[in-house]
Protein chains: 2
Amino acid sequence: MVSKLRQDITAKSKSAGGALGGLRMTRQRKLVYDVLLDERDHPTATEVFIRSKARMSSISLATVYNCLETLSAAGLVKQVNVGRDASRYCPNLAEHAHFVCVKCEKVYDIGLKCNEEVESVWALPEGSRIDHLEVAMKGLCAECNGGDKRSGKMEEQV
Amino acid sequence: MVSKLRQDITAKSKSAGGALGGLRMTRQRKLVYDVLLDERDHPTATEVFIRSKARMSSISLATVYNCLETLSAAGLVKQVNVGRDASRYCPNLAEHAHFVCVKCEKVYDIGLKCNEEVESVWALPEGSRIDHLEVAMKGLCAECNGGDKRSGKMEEQV
DNA sequence: TTGATATCAAGAATTATTCTAAATAAAGAT
DNA sequence: ATCTTTATTTAGAATAATTCTTGATATCAA
């Protein structure tokens, strides 16, 4: 189902096939997905709604939530949570963490270093199955960190 | 201020000293902290409220939120966020991640492997300062994972 | 075209959390 | 011990993000 929807979206086909409950590629879902692809600044649902509404005035906030949920479940989009802030959405499917600057509030994607694995640093319990991992960081981005050029060490927080 | 409050709590002194706005060690703060220490199962604010109310019937939910906020700001307690669920609270100050079993809903603390550092795997942007990092995992814990004994590889999610 | 079903839209409802304002309690000074 | 000042508590109202509900609409397969 995941790849089915993606295939259909990227291929701009009209249908997601009848399989698995029959996900449909609707104008709204396509629009919401396009909005995310067009400006990859990790918008909130409301921001996506505003941008979507500019292109399709009839779309509703509830629909935007529905579409974001569907796209996330389908694996096309990632829901980004940092603390208790409103969820943000991101079409970057590569494994990455998120970093929010507490000053300018921009959200940055942080990629893995080459040949590294996130799991490698954690003492995961034997026998468990991890199928979702979310890494969120907060701090000052390079621009806002102005004077201090060192890539400072973290505080004790986890 | 952080260490001041901790010192006073652990020493069971009556005051947090006049420094830095004068944090006071009140019965409510002590109680909320004790509740967290007594049962380290990552309760939500409401759960902390229920447990606290059993020992001090006059305490209010707003106060519990206040205390949890104060204790977190003081560094005695960590606020744990996994996805959009209600925040949970944890008195474990060691660097660790959180793992929530999607079946039994238990929250586990995941420690770092020896000599590993979280930051080491991420390509952090030059010049930025990270001062908070939160790592949340979801999956099936060993018990709930029953049959499959492999510590399974993660899916693509981050 | 038509029937079955998925999806949409609008607004109500829910939930966690924060805010407000008056009452209370703590710490230091008298 | 009492007084004063200021932090904190309390209860309830307010807020904000998200989910739910329901009737209308769009889409797919036949």
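Please read all numbers here as calculations on a predicted model, not as lab measurements. Within every chain, numbering begins at 1; the chains are lettered A, B, ... in the order of the sequence lines, protein sequences first and strands thereafter. When reading the values below, keep in mind they use all heavy atoms of this one structure, side chains included, and skip hydrogens, waters and symmetry mates.
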As a test of reading the structure: which of C:dA9, D:dT10, D:dA7 is closest to the side chain of B:Ser60, going by heavy atoms?
D:dT10

Under the 3.5 Å rule, do the base of D:dT8 and the side chain of B:Arg24 count as making a donor-acceptor pair?
no

From CD1 of B:Ile50 over to P of C:dA16, roughly how many Å is that when rounded to an integer?
11 Å

Taking protein heavy atoms under 4.0 Å as touching, what does nucleotides 17-23 of chain D look like 5' to 3' if B marks base contact, S marks sugar-phosphate-only contact and - marks none?
SBBB---

Quick one: do B:Arg55 and B:Asp38 make a salt bridge, cutoff under 4.0 Å?
yes

In plain terms, say whether A:Arg51 and A:Asp41 are close enough for a salt bridge, that is, a side-chain N and a carboxylate O under 4.0 Å apart.
yes

Tell me which pairs pass ring-ring contact (aromatic ring centres under 6.0 Å, His included) where either residue lies in residues 34-59 of chain B, with sequence neighbours left out.
B:His42-B:His98

Please give, in whole Å, the distance from D:dT10 C1' to B:Lys53 NZ?
10 Å

Distance below 4.0 Å between B:Thr26 side-chain N/O and D:dT8 OP1 or OP2:
no

When you check the phosphate oxygens OP1 and OP2 of C:dA9, does a side-chain N or O of A:Gln28 lie under 4.0 Å from one of them?
yes

A:Asn66 and A:Leu68, any side-chain heavy atoms less than 4.5 Å apart
no

Could you check if a side-chain atom of B:Tyr33 sits within less than 4.5 angstrom of a side-chain atom of B:Cys67, using non-hydrogen atoms only?
no

Which whole-number value in Å describes the distance from A:Leu71 CG to C:dT7 P?
11 Å

Length of the CE-P vector between A:Met56 and C:dA10, whole Å:
12 Å

Roughly how many Å is it from NZ in A:Lys30 to C1' in D:dA26, rounded to a whole number?
18 Å

B:Leu23 CG - D:dT9 P separation (whole Å):
10 Å

Consider only side-chain heavy atoms of I, L, V, M, F, W and Y, link residues closer than 4.5 Å, and tell whether A:Ile130 and B:Leu140 are in one cluster.
no

Roughly, in whole Å, what's the span from CZ in A:Arg29 to P in D:dT25?
19 Å

Hey, which of these two, B:Arg27 or A:Thr63, hits DNA chain C nearer its 5' end, going by closest nucleotide?
A:Thr63

Taking the side chain as C-beta and beyond, is there a heavy-atom pair between A:Cys90 and A:Val77 under 4.5 Å?
no

